[in-house]
Trainee: 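Can you keep this structure in mind? I'll have questions shortly.
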2 protein chains.
Amino acid sequence: MRLLLVEDEKELANALMAALSKQGIVIDHAMRLADAGELSRQNTYDVILLDRRLPDGEGLTFIPTLRRAAVLTPVIVLTARNDPKERIEGLDGGADDYLGKPFRVDELMARVRAVLRRPASVVEALIVVGRMTIDPLNLTVTMDKSPFDLPRRELLVLIALAKRQGKTVLRSVLEAAVYNYEEEIKSNALDAHISRLRKRLADCSAGVSVHNIRGVGYLLKDEV
Amino acid sequence: MRLLLVEDEKELANALMAALSKQGIVIDHAMRLADAGELSRQNTYDVILLDRRLPDGEGLTFIPTLRRAAVLTPVIVLTARNDPKERIEGLDGGADDYLGKPFRVDELMARVRAVLRRPASVVEALIVVGRMTIDPLNLTVTMDKSPFDLPRRELLVLIALAKRQGKTVLRSVLEAAVYNYEEEIKSNALDAHISRLRKRLADCSAGVSVHNIRGVGYLLKDEV
DNA sequence: TCCCGACAATTGCACCAGCATTACCGGCTC
DNA sequence: GAGCCGGTAATGCTGGTGCAATTGTCGGGA
């Protein structure tokens, strides 16, 4: 097994490397995000262990970078920043697991094993629907090849719907897609976005429409 | 999303159910392992939340039981037993995640989402009957490959029947499939749903029909 | 064969949760 | 301060669902 450790505290890193290599695990060690990026381009890892506080930035930003490069390796975030809010940020930032420091090496190993049990995740490609092409990674939409700008929240709704194009998306999933779990939604903000999005799509005759499944959620459909 | 909560502390269970059902999540609640087993046989869940200390045994033993029955639903263990040793036991026991009590509901939700991000159980069987294809996991029905929308309760009836296609489904089982075990039914609500479902299936000439076995239950049959 | 009681099917009705739309307004940016 | 974005709330609307009354069907016993 090959593992990438992104961690700037030398002591911890060395301890980990000592412990893990005893178990036959190959470890590459990066102290900075830049190095980590380089390494991950050159090698294929089974797991990435990622510290959040790094000399050249917040570790979490590394996850989107990876995914954009179609690297699906599971990421476990290791960090002292371990209150619930931070953990939620981490998980929703794309981490597969989140482990607060200090931790025991054998717990870490257990989590590594748990993460590896999971089947690999999918790559997200471009989604074509109606006259639109949607890039969920770069958060862009083009319409007949020319850029199509949307307000941020409407964009997020559209992307969430497009990702499961033709299938119903639960209302709660949409909410999760549009809102940080901190900012809770009062009132019908989501409905308002849907309504505005619909109007916009209709105005441009985008070739798609948003349908409602009462009591369940919404779905995006190609128009016939 | 459908979720099985296995937890014997009523207070916690109620709080969770209140919070989660607001997010459009359907929750079934079991207080004992035995009930959990029964429920998991009758339904397909997206996630299982599992307490360890249960009146009829250690919760962890439930995981092998599930896997042996080829149920791949991810399991998140919730428990007060939260020292590292216990956590390792949990994760190596097959849990996909492990969350110590007390926890915040939004952290739980974040972990649920993290676990669901993997498109794991795509393996789930689709049920084909007549011109319809029924996906009991996503609660969707397609008819000749185009989506076929049904009211929620009728959908649940149809799925329950389809799962035992050609075999009789007890009236009581149907009721359990459609209603939370809390909300009891007065009158003949179930009959009404059956009636409406029949009408709808006939109108679309779906190629299936719902038969009654007097005094016992109903069954779904391919039309000849 | 007919009758009767029990169970099942159907349908109209009424209620209300959930949805759609729109106007308004505060905040942010340029 | 003009304009866009986005959250809130008021309003009207719709469709799903529970209920009950009515009608239909089955099957056993006289």
Side-chain angles (χ1 to χ4, degrees), chain A residues 139 141 147-161 168-204 209-221, chain B residues 18 21-26 139 141 148-161 168-203 208-221:
Chain A
L139 306 182
V141 179
F148 180 54
D149 290 330
L150 288 164
R152 203 173 101 273
R153 303 243 126 138
E154 287 173 42
L155 177 64
L156 292 175
V157 171
L158 177 60
I159 289 177
L161 289 170
T168 39
V169 183
L170 294 182
R171 197 190 176 79
S172 60
V173 172
L174 283 180
E175 288 173 359
V178 176
Y179 294 93
N180 274 339
Y181 309 93
E182 303 313 317
E183 37 180 356
E184 63 182 283
I185 342 168
K186 298 146 204 163
S187 84
N188 58 349
L190 182 61
D191 302 57
H193 292 307
I194 299 247
S195 179
R196 290 170 190 144
L197 178 60
R198 273 176 171 151
K199 186 160 202 304
R200 206 179 297 264
L201 292 177
D203 288 352
C204 307
S209 55
V210 178
H211 293 244
N212 170 265
I213 307 295
R214 185 169 258 268
V216 183
Y218 293 84
L219 67 81
L220 191 66
K221 257 167 89 173
Chain B
S21 53
K22 268 186 207 147
Q23 315 202 13
I25 300 176
V26 180
L139 304 181
V141 179
F148 180 53
D149 290 331
L150 288 166
R152 207 171 96 272
R153 303 241 126 135
E154 288 173 41
L155 177 64
L156 293 174
V157 170
L158 177 60
I159 289 177
L161 289 171
T168 331
V169 183
L170 294 182
R171 199 190 175 77
S172 59
V173 174
L174 281 180
E175 287 174 0
V178 176
Y179 294 92
N180 268 343
Y181 307 89
E182 306 310 321
E183 38 181 355
E184 63 181 284
I185 350 169
K186 298 147 203 164
S187 84
N188 58 349
L190 182 61
D191 302 59
H193 292 307
I194 299 242
S195 172
R196 289 170 192 142
L197 178 59
R198 273 175 170 152
K199 186 162 201 304
R200 208 179 296 265
L201 293 178
D203 287 353
V208 294
S209 55
V210 179
H211 293 246
N212 170 263
I213 308 295
R214 207 177 176 76
V216 184
Y218 295 84
L219 66 81
L220 191 67
K221 259 168 84 174

Trainee: Between A:L150 and A:R200, which heavy-atom pair has the shortest distance, and what is it?
Mentor: CD2-CD, 3.1 Å
Trainee: Atom CZ of A:R200 and atom P of C:dA20: how far apart are they, to the nearest Å?
Mentor: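 Distance, rounded to whole Å: 17 Å.
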Trainee: If you take all heavy atoms of B:L174 and B:A160, which pair is closest and at what distance?
Mentor: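 Between these two residues, the closest heavy atoms are CD2-CB, 3.8 Å.
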Trainee: Considering residues at least two apart in sequence or located in another chain, which fulfil the salt bridge (charged side-chain N to carboxylate O under 4.0 Å, His left out) criterion with B:R171?
Mentor: B:E175, B:D191
Trainee: Identify the pairs formed between an N or O of the protein and an N or O of nucleotides 22-27 of chain C at a distance under 3.5 Å, and give each distance.
Mentor:
none

Trainee: Apply the test side-chain contact (heavy atoms from CB on, under 4.5 Å) to residues B:L158 and B:E154: give CA-CA distance (whole Å), side-chain angles for both, the deciding distance (0.1 Å), then the verdict.
Mentor: CA-CA 6 Å; B:L158 177 60; B:E154 288 173 41; over 6 Å; no
Trainee: Return the minimal non-hydrogen interatomic distance between B:F148 and B:L201, and the atom names on each side.
Mentor: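 The pair with the smallest heavy-atom distance is CE2-CD2, 4.4 Å.
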Trainee: Once you round to the nearest 0.5 Å, how far does OG1 of A:T168 lie from CD1 of A:I213?
Mentor: 6.0 Å
Trainee: For the pair made of CG in B:L197 and C1' in C:dT10, what is the distance, rounded to whole Å?
Mentor: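 Distance check: B:L197 CG to C:dT10 C1' gives 14 Å.
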Trainee: In whole Å, what is the span from the CG atom of B:L170 to the P atom of C:dA8?
Mentor: 12 Å
Trainee: Do any side-chain nitrogens or oxygens of A:R153 fall under 4.0 Å of OP1 or OP2 in D:dC5?
Mentor: no
Trainee: In whole angstroms, how far is the P atom of D:dG16 from the CD atom of B:E154?
Mentor: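 Spelled out: CD on B:E154 to P on D:dG16 is 8 Å.
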Trainee: Does B:R152 put a side-chain nitrogen or oxygen below 4.0 Å from OP1 or OP2 of D:dT17?
Mentor: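 Looking at the OP1 and OP2 atoms of D:dT17, one of them is under 4.0 Å from a side-chain N or O of B:R152.
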Trainee: Given C:dA20, is OP1 or OP2 found less than 4.0 Å from the side-chain N or O atoms of A:Y218?
Mentor: yes
Trainee: Using the 3.5 Å cut-off, write out each protein N or O paired with an N or O of nucleotides 16-18 of chain C and the distance between them.
Mentor:
residue, atom, partner, partner atom, Å
C:dG18, N2, A:R214, NH2, 3.4

Trainee: Rounding to a whole Å, what distance do you find between B:L190:CG and D:dG16:P?
Mentor: 18 Å
Trainee: Atom OH of B:Y218 and atom CG of B:L190: how far apart are they, to the nearest 0.5 Å?
Mentor: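 One finds 6.5 Å between OH of B:Y218 and CG of B:L190.
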Trainee: Separation of B:D191 atom CG from C:dG12 atom C1', in whole Å?
Mentor: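 Distance, rounded to whole Å: 17 Å.
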Trainee: Once you round it to whole Å, what is the distance between P of D:dG15 and CG of B:L155?
Mentor: 18 Å
Trainee: Are side-chain heavy atoms of A:L161 and A:L219 found at a separation under 4.5 Å?
Mentor: no
Trainee: So does B:H193 get a side-chain nitrogen or oxygen closer than 4.0 Å to the phosphate oxygens (OP1/OP2) of D:dG18?
Mentor: yes
Trainee: Nearest 0.5 Å, what's the NE2-CZ distance between B:H193 and B:R153?
Mentor: 6.0 Å
Trainee: Could you tell me how far apart A:I213 (CD1) and D:dT17 (P) are, to the nearest whole angstrom?
Mentor: 12 Å
